[in-house]
2 protein chains.
Amino acid sequence: MNKRRITLKDLSKELGLAVSTISRALDDHPGISPETKERVKQKAVELGFTRNSIASSFRKSKTLAIGVIVPQIDIHFHSLVISGIEEYAHKSGYNVTIFQSRNSFKREKRITETLQNNMFAGVIICQGAETRGIDHFKKLKKMKMPMVFYDRVPIGFEANKVIINDFESSLRATEHLIEKGCKNIAHIGGPQTTGIFKSRYEGFRKALENHHLEVSSEFIQFTKGLTYDEGLSAARALLSHPVKPDGIFCSNDYTAVSAIQVFQKNGFKVPDQVAVVGFSNYPISKIIEPNLSSVNDRAFEMGQAAAKLLIRQIEEDGEDLIESEIVTLKTELIVRESSSKK
Amino acid sequence: MNKRRITLKDLSKELGLAVSTISRALDDHPGISPETKERVKQKAVELGFTRNSIASSFRKSKTLAIGVIVPQIDIHFHSLVISGIEEYAHKSGYNVTIFQSRNSFKREKRITETLQNNMFAGVIICQGAETRGIDHFKKLKKMKMPMVFYDRVPIGFEANKVIINDFESSLRATEHLIEKGCKNIAHIGGPQTTGIFKSRYEGFRKALENHHLEVSSEFIQFTKGLTYDEGLSAARALLSHPVKPDGIFCSNDYTAVSAIQVFQKNGFKVPDQVAVVGFSNYPISKIIEPNLSSVNDRAFEMGQAAAKLLIRQIEEDGEDLIESEIVTLKTELIVRESSSKK
DNA sequence: CTGAAAGCGCTTACAG
DNA sequence: CTGAAAGCGCTTACAG
């Protein structure tokens with residue numbers, strides 16, 4: 001037999017106080033005497049009362065739950081972001097519910113429909129790679145759902161966003177290679193249909209331009225998903241040309257590791273003959289030998305910032321002073337051995 | 001001005017049908033005529049009605065939310081487990097809310113208190129390293145909260161659990177080294193206060209015993225957290241002895257990578273002079289050179305199995321036929337170059 | 001400082 | 001096949 005949960009009514013009977021008084025006492029409502037509060041709280045502990053937060057949310061028609069839509073949670077970048085979100089949300093009394101779109105547009109749309117059911121106070125979203133159109137986001141916006149996007153954000157859609165400056169970060173990373181004396185710098189990049197990878201490529205180009213360096217088209221290797229295996233192929237392609245690069249800027253760390261390994265295996269010294277810089281500062285950058293220089297993309301802080309922005313929006317509640325805000329986090333180039341030429 | 005959400009009552013007025021009929025029609029209740037169902041559903045779409053699931057949960061006093069307590073979500077093993085949980089839960093119509101204990105016992109206790117508020121239909125838990133006692137779990141159990149533990153599970157507490165056979169897996173991994181001809185096998189292990197790491201060590205011991213091999217205490221290196229850096233120290237300690245190991249079994253992949261690097265740097269050939277096997281089959285095992293042999297710990301499947309077990313328990317609802325169940329997943333030793341001696 | 005009462009939006013047992 | 005009504009547990013505006 002299931003024991004029934006203790007309710008306010010039970011406490012009310014036990015203590016001979018009105019249900020409303022009990023509720024207020026537990027809330028530390030100002031107009032309740034300290035003695036009463038004490039009695040009520042003691043009894044609540046004694047009977048093992050916990051407020052039914054479903055009933056409470058229902059009555060107040062607001063919840064303390066945040067939804068997060070990510071392409072895939074077991075990608076380190078995303079799990080770090082979620083960790084940051086959870087950290088900040090937890091401090092503020094919110095729960096975090098995760099949804100994986102697995103880069104399926106259909107699934108992403110279905111999730112946004114689920115989110116329209118009042119369960120969530122707000123949503124944090126990283127778009128899937130396959131996302132076409134933004135009607136599903138527009139629908140959420142129309143029903144005033146507080147929203148924050150991060151990393152892969154919809155363009156041409158006014159909303160709160162937390163991003164890093166991919167262009168600027170890549171420009172600086174490439175300039176670092178130039179300062180180290182590299183003249184023939186190659187790039188291993190991601191799909192150019194994705195804004196952030198396009199920006200990283202453009203930052204790379206801009207750095208070369210600023211320093212009047214040329215780059216032949218064979219030195220630009222775009223991959224579909226920046227995987228380790230694609231990185232191996234890209235690096236081999238770079239090696240197949242008569243002129244060899246003396247520096248490589250990669251749009252993530254996996255491909256940078258591939259580049260290091262392929263060049264080393266072919267007798268090149270890293271960093272002296274070819275310097276390599278990656279992007280994301282994954283744990284592997286401190287493990288691979290030589291240690292990999294990489295742009296710290298601030299994933300954890302990105303999560304915290306997104307949660308902060310969202311919760312502010314949830315709690316300011318209607319005073320639509322701010323239409324939307326774009327927070328750009330500062331990145332940092334972490335220089336390690338792979339680009340430390342003498 | 002906020003538009004008010006559409007409710008059943010609105011549909012009722014629009015269609016001249018009772019609220020109860022609307023509710024049932026949307027539910028595909030058998031006793032409603034197909035024509036009525038059609039009309040109702042059409043109108044619902046037209047007005048953009050979505051059921052208020054808070055109200056529904058409240059009324060039915062059950063939710064479709066699962067809570068997951070993990071030490072830290074940005075550890076690859078846990079993010080993979082969560083991915084598996086989300087995958088299965090999503091298919092079954094459940095949401096997944098995550099909580100990080102960050103290995104703090106205090107935090108873990110606080111989270112279990114949060115979970116007692118009716119918001120969650122069940123919980124999946126991986127204990128924190130610091131957990132002392134199980135009173136907080138007992139409390140959850142007493143209020144009939146469906147629970148499943150995975151990986152680091154409480155001993156002496158009857159509950160559903162999903163685990164792998166750490167002892168057996170380690171025994172086999174060590175025997176693999178023995179079959180490859182290793183005679184002096186060392187071990188880099190985790191804290192022996194944690195059950196799974198103790199079992200891995202014991203599996204290692206058992207394999208040696210089965211083959212009448214001795215091991216000196218200097219060959220057993222326990223670390224606090226199996227980190228890469230601790231692995232480096234442990235490997236150096238192994239090297240500092242006059243007799244060198246010709247095989248190393250490590251309780252995770254990070255320390256295995258450390259071992260490979262330290263031994264290589266000191267002129268040892270891996271696998272020919274020293275063969276190495278890790279545990280967990282992390283992505284890095286396919287990247288490090290030589291590629292690392294490792295035990296696939298089935299993290300994703302563990303998540304799926306845990307979700308399946310939990311949801312079954314939630315939905316069987318009272319028919320307490322099964323007191324508790326322990327699911328043991330089969331692991332698999334993935335042999336790669338690091339242990340492929342000729 | 002405390003209480004009585006209404007009502008949030010839904011579901012379901014009961015009635016016809 | 002459809003409807004009227006009760007009620008889940010809480011919060012809050014109103015009254016005193």
Side-chain angles (χ1 to χ4, degrees), chain A residues 2-41 43-44 47-65 93 116-121 143 317, chain B residues 2-41 43-44 47-65 93 116-121 143 317:
Chain A
N2 246 302
K3 315 199 217 179
R4 208 174 45 75
R5 294 280 314 259
I6 306 293
T7 67
L8 288 184
K9 213 167 155 190
D10 297 320
L11 287 176
S12 159
K13 274 185 200 149
E14 284 279 325
L15 293 164
L17 287 166
V19 167
S20 46
T21 304
I22 309 279
S23 177
R24 283 190 279 243
L26 293 168
D27 265 351
D28 257 333
H29 195 89
I32 299 285
S33 76
E35 298 74 35
T36 304
K37 284 183 188 172
E38 203 36 61
R39 277 183 64 212
V40 171
K41 287 179 185 174
K43 202 67 175 179
L47 301 186
F49 170 82
T50 46
R51 220 201 228 55
N52 181 333
S53 65
I54 296 272
S56 174
S57 291
F58 169 51
R59 178 55 234 264
K60 296 200 275 191
S61 56
K62 69 172 140 182
T63 72
L64 291 172
Q116 293 168 29
N117 66 8
N118 280 9
M119 279 297 281
F120 297 94
M143 51 187 302
D317 206 18
Chain B
N2 247 302
K3 315 201 219 179
R4 206 174 46 75
R5 295 281 313 263
I6 307 293
T7 67
L8 288 184
K9 214 168 155 190
D10 297 318
L11 287 176
S12 157
K13 274 186 199 150
E14 283 279 326
L15 292 165
L17 287 166
V19 167
S20 45
T21 305
I22 310 279
S23 176
R24 284 190 278 240
L26 292 168
D27 265 351
D28 258 332
H29 196 90
I32 300 286
S33 76
E35 298 74 37
T36 305
K37 282 183 188 170
E38 202 38 58
R39 278 182 65 211
V40 172
K41 286 180 184 174
K43 202 64 174 181
L47 300 185
F49 170 83
T50 46
R51 220 198 226 71
N52 182 332
S53 66
I54 296 272
S56 173
S57 292
F58 168 50
R59 180 50 237 263
K60 296 198 277 193
S61 56
K62 69 171 133 178
T63 73
L64 292 171
Q116 293 170 28
N117 67 7
N118 279 10
M119 278 298 279
F120 297 94
M143 52 186 301
D317 206 18

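What's counted below: heavy atoms across the whole structure, side chains too, no hydrogens, waters or symmetry copies. Source: prediction; values computed, not measured.
As a whole-Å value, the separation of B:R24 CZ from C:dC10 C1' is 12 Å. Taking atom CD1 of B:I54 as the reference point, atom P of D:dT11 lies 13 Å away to the nearest angstrom. In this entry the distance linking CD1 of A:I6 with P of D:dG9 reads 11 Å, nearest Å. In this structure, B:I32 places its CD1 atom 13 Å from P of C:dT12, rounding to the nearest Å. Atom-to-atom, CG of A:L17 to C1' of C:dA4 comes out at 14 Å; the value is rounded to the nearest Å. The CD1-P distance, from B:I22 to D:dG3, rounds to 8 Å in whole Å. Between B:L26 atom CG and C:dG9 atom P there is a gap of 16 Å when expressed in whole angstrom units. As a whole-Å value, the separation of B:K62 NZ from C:dC10 P is 18 Å.
Nucleic acid contact class of B:S20 (heavy atoms, under 4.0 Å, all strands): base. Contacts of B:R51 with the nucleic acid, taken as non-hydrogen atoms under 4.0 Å apart, involve only primed sugar atoms and P, OP1 or OP2.
Between B:D10 and B:K43 there is no salt bridge, since none of the side-chain N atoms of the basic residue sits less than 4.0 Å from a carboxylate O of the acidic one.
Checking C:dC10, D:dT2, D:dG9 against every side-chain atom of B:L8, the shortest atom distance belongs to C:dC10. Which of D:dT11, C:dT2, C:dT12 sits closest to the side chain of A:V19 comes down to D:dT11. Candidate nucleotides C:dG9, D:dG3, D:dT11 were compared by shortest atom distance to the side chain of B:T7, and C:dG9 ranks first. Comparing C:dC1, C:dC10, D:dG3 by their nearest atom to the side chain of A:P34 picks out C:dC1.
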DNA chain C in dot-bracket, Watson-Crick or G-U pairs under 3.5 Å, [ ] crossing, | other strand? |||.||||||||.|||
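Between the side-chain ring of B:F58 and the base of D:dC8, a stacking contact exists by the 5.5 Å and 30° definition.
Judged by atom type and distance alone, A:R59 does not reach the base of C:dG9 through any side-chain donor-acceptor pair under 3.5 Å.
Nearest-nucleotide mapping onto DNA chain D: of B:H29 and B:S61, the residue sitting toward the 5' end is B:H29.
Proximity of B:T36 to the phosphate of D:dT2: a side-chain N or O atom is located under 4.0 Å from OP1 or OP2. Between A:S33 and C:dT2 there is a side-chain polar atom (N or O) within less than 4.0 angstrom of OP1 or OP2.
At distances below 3.5 Å, at least one donor-acceptor pair connects side-chain atoms of B:T63 with backbone N or O atoms of B:M119. The backbone N or O of A:N117 sits nowhere less than 3.5 Å from a side-chain atom of B:R5 that would complete a donor-acceptor pair.
For the pair A:S20 and A:R24, the minimum side-chain heavy-atom distance is below 4.5 Å.
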Would you check, one step at a time, whether the test side-chain contact (heavy atoms from CB on, under 4.5 Å) holds for A:K37 with A:H29? CA-CA 9 Å; A:K37 284 183 188 172; A:H29 195 89; 5.5 Å; no
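Not a single side-chain contact (heavy atoms from CB on, under 4.5 Å) links A:K13 to another residue, sequence neighbours left out. Looking at residues two or more places apart in sequence or on another chain, you find a salt bridge (Lys or Arg N to Asp or Glu O under 4.0 Å) between B:R51 and B:D27.
Considering A:T36, A:V40, A:T7, A:I32 as possible partners of A:I22, the one that fulfils the side chain to side chain contact (heavy atoms under 4.5 Å, CB included) test is A:V40.
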